[in-house]
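Shown next, in structure tokens, is the structure this report addresses.
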Amino acid sequence: MELTSGLARRQNRPGNDNPILDYVRDEYYKGCDVWGLATTWQFAIADHLTRFDAVPEEWNFTPSPFGADVAAPEYVGIQEALAQVDEEQQLQYLTHAGRVLEHLTRQAHAAIWA
């Protein structure tokens with residue numbers, strides 16, 4: 001699966017400045033299982049947040065004893081997205097994207113069981 005950044009789209013929308021979410025949007029607009037998309041990306045974000053020791057406790061995330069799946073398209077996409085921002089901003093972008101995906105996961109779960 002090839003992921004590309006929605007940078008061109010983002011430049012035309014004020015307030016849409018999280019490059020991680022650009023990658024998620026690209027995959028979303030191709031058509032997907034929303035719950036699967038959100039949880040897969042949230043796991044990859046949590047793997048990245050472990051570098052900062054900043055995974056939100058309410059996510060109940062425990063890293064794999066085998067380490068992150070660094071070859072996963074989501075993990076690679078996040079690395080590419082983070083390369084677009086200053087190192088000081090990376091934690092902020094990761095946390096924001098994770099919270100957005102957490103919300104999307106809850107919405108998708110509620111829609112499934114409604």
Side-chain angles (χ1 to χ4, degrees):
M1 165 178 20
E2 180 182 325
L3 298 176
T4 56
S5 172
L7 182 60
R9 287 195 317 271
R10 178 166 48 92
Q11 289 173 338
N12 296 323
R13 286 194 237 160
N16 264 339
D17 63 349
N18 190 323
I20 298 168
L21 293 176
D22 287 339
Y23 282 83
V24 175
R25 282 185 202 99
D26 285 347
E27 190 171 338
Y28 176 85
Y29 289 131
K30 290 176 185 175
C32 65
D33 161 27
V34 176
W35 183 84
L37 168 99
T39 56
T40 302
W41 279 89
Q42 194 172 16
F43 273 111
I45 287 169
D47 279 329
H48 278 280
L49 283 170
T50 59
R51 289 189 347 238
F52 298 97
D53 195 28
V55 179
E57 195 172 305
E58 62 270 15
W59 289 3
N60 297 317
F61 176 77
T62 304
S64 167
F66 303 106
D69 183 0
V70 297
E74 297 82 10
Y75 192 91
V76 172
I78 292 168
Q79 285 180 301
E80 292 173 3
L82 292 177
Q84 299 176 33
V85 298
D86 295 330
E87 193 170 325
E88 304 85 47
Q89 295 176 306
Q90 291 181 3
L91 177 59
Q92 176 186 352
Y93 283 107
L94 285 163
T95 304
H96 175 254
R99 297 265 186 226
V100 169
L101 291 165
E102 177 183 25
H103 181 71
L104 184 59
T105 301
R106 276 196 240 118
Q107 285 183 321
H109 187 268
I112 291 169
W113 297 105

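Position 1 is the first residue of the sequence, and the numbers go up from there.
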Gap separating the CG atom of Asp33 from the OG1 atom of Thr40, nearest 0.5 angstrom: 8.0 Å
Side chain to side chain contact (heavy atoms under 4.5 Å, CB included) between Val85 and Asp17, worked out: CA-CA 10 Å; Val85 298; Asp17 63 349; over 6 Å; no
In one Ile/Leu/Val/Met/Phe/Trp/Tyr side-chain cluster, 4.5 Å: Val55, Val70: no
Glu58, CD: over 12 other non-hydrogen atoms inside 6.0 angstrom: yes
Leu101 with Trp59, same ILVMFWY side-chain cluster at under 4.5 Å: yes
Non-hydrogen side-chain atoms of Leu21 and His96 separated by less than 4.5 Å: yes
Heavy-atom check, side chain of Thr95 versus side chain of Ile45, under 4.5 Å: no
Nearest heavy-atom neighbours spanning Tyr28 and Cys32: CA-SG, 3.9 Å
Pairing residues for Tyr93 by the ring pair (Phe, Tyr, Trp, His ring centres under 6.0 Å) criterion, not counting sequence neighbours: none
Trp35 atom CH2, neighbour heavy-atom count above 12 within 6.0 Å: no
CD-CG distance between Glu74 and Leu37, expressed to the nearest 0.5 angstrom: 8.0 Å
Nearest-0.5 Å distance that lies between atom CD1 in Ile78 and atom CD in Gln90: 11.5 Å
Short side-chain to backbone donor-acceptor contact, Asn18 and Ile20, under 3.5 Å: yes
Side chain proximity check, Pro56 to Leu49, heavy atoms < 4.5 angstrom: yes
Mutual orientation of the aromatic rings belonging to Tyr23 and Trp41 [parallel < 30°, tilted 30-60°, perpendicular > 60°]: tilted
Contacts of type side chain to side chain contact (heavy atoms under 4.5 Å, CB included), residue Pro63, not counting sequence neighbours: Thr50, Phe61
Salt bridge (charged side-chain N to carboxylate O under 4.0 Å, His left out) between Glu102 and Arg99, intermediate numbers included: CA-CA 5 Å; Glu102 177 183 25; Arg99 297 265 186 226; 3.6 Å; yes
Distance in Å, Gln89 CD paired with Leu91 CG, rounded so as to fall on 0.5 Å steps: 11.0 Å
Summary of salt bridge (charged side-chain N to carboxylate O under 4.0 Å, His left out) pairs that have at least one residue in residues 36-56, sequence neighbours excluded: none
